[in-house]
Participant: 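Here it is: the structure, laid out below.
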Amino acid sequence: MNIGRGDMTALINGKEIAQNLRNNLKLEIDNLRSSTGKAPGLAVVQVGNVAASSVYVKAKTKSAKEVGIEVIDHHIGEETTEKELLELVNKLNNQENVNGILVQLPLPKHINEQIILDSIHPDKDADGFHPLNVGRLSIASNNDENLLIPCTPYGCLLMLKGLEVSLSGMNAVVVGRSNIVGKPMAQLLLKESCTVTIAHSKTINLEDVCRNADIVVAAVGRPEMIKGDWIKKGAIVIDVGINRIEIEKDGEKKNKLVGDVNFAQAEKNASAITPVPGGVGPMTIACLLRNTTIAFKNSLK
Ligand code: GUN
């Protein structure tokens, strides 16, 4: 996809880019299965029944199976203790057919998430959340093929790269400073030689910070918070938000998924923008499958 030619706004089709990535992974996994007699294994751990987590886990499991990854499913009760979860992770760390471990977040309040993430073996860290992998990402000067990189930001980066414009020197503003998205996104953009600003809820004059951006990555989790006139003419907008809101249509209340950006307004100024749904979401899952395949290949060395 090319942007910057004429006034048309390009819609970044995450669904299609993710499909291509999954097709390539499937071919690679088929070849690996032929040559080694083994396939990548992904352990998916869900604790409790948070509705959004169930949706994500189901989608991740389905996609993993479709590309030929073996899924080892552990759906355990809300009352599971931190010690019991640590024991499960430890078992999976030592299980030969498990190459990647995903513990779906959020965890119940009585479990310390960081303790659990720290306990996953760094080589099996399908999410790229372990401190060693966080450190590796911050140190690596380019995107080493063996790195386990957090899935959502890496998916965003692949979409930006697909635009075939030079990102070098661009002003990139990441709105949101989470460990899952904001911070690793900033690292990835820095590696592309962008000038990176991490903005957040305490940022003074967020509108003007955004107006200065050539790239806006919105990851705040607040429906349509970023308005169209915060977007500079020709900027690229990546919307990580997935927010369920209630709208009234034909006298009936309905649920609708919206991003962190007001799409209808921002589309008028952006040169390229991701839709919600069909933008970042499918890329996150495809990148999880990529990480699992990388972990499998690393285990063969
Ligand atoms: N919860 C929300 N996003 C994610 C993710 O990328 N990985 C995990 N494990 N949990 C999440």
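For ligands, and for the atoms within them, numbers begin at 1 and follow the listed sequence. None of the values given here were measured: they were computed from a predicted structure.
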Participant: Any donor-acceptor pair under 3.5 Å linking the side-chain atoms of Asn23 with those of Gln19?
Facilitator: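 Their side chains do contain a donor-acceptor pair, which is all the 3.5 Å distance test asks for.
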Participant: If we ignore angles and hydrogens, is there a donor and acceptor under 3.5 Å between the side chains of Lys301 and Asn298?
Facilitator: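 Yes, side-chain donor-acceptor contact under 3.5 Å.
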Participant: Between Asn243 and Asp260, do the side chains contain an N or O donor and an N or O acceptor separated by less than 3.5 Å?
Facilitator: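 Present: a donor and an acceptor within the cut-off.
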Participant: Do we see a donor-acceptor contact under 3.5 Å between the side chains of Glu16 and Asn20?
Facilitator: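 No, no side-chain donor-acceptor pair sits under 3.5 Å.
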Participant: Whether the Asn49 and His75 side chains hold a donor-acceptor pair (N or O, under 3.5 Å, no angle test) is what I'd like checked.
Facilitator: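 Distance-only check passes for Asn49 and His75.
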Participant: Run through ligand 1 for me and note each protein residue having a heavy atom under 4.0 Å from it, chain first, then residue number.
Facilitator: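 Ligand 1 is contacted, at a heavy-atom distance under 4.0 Å, by Lys60, Leu102, Val103, Gln104, Leu105, Asp127, Phe129.
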Participant: Indicate yes or no: does Asp208 engage Arg211 in a salt bridge with an N to O separation below 4.0 Å.
Facilitator: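 Judged by the 4.0 Å cut-off on N to carboxylate O distance, Asp208 and Arg211 do form a salt bridge.
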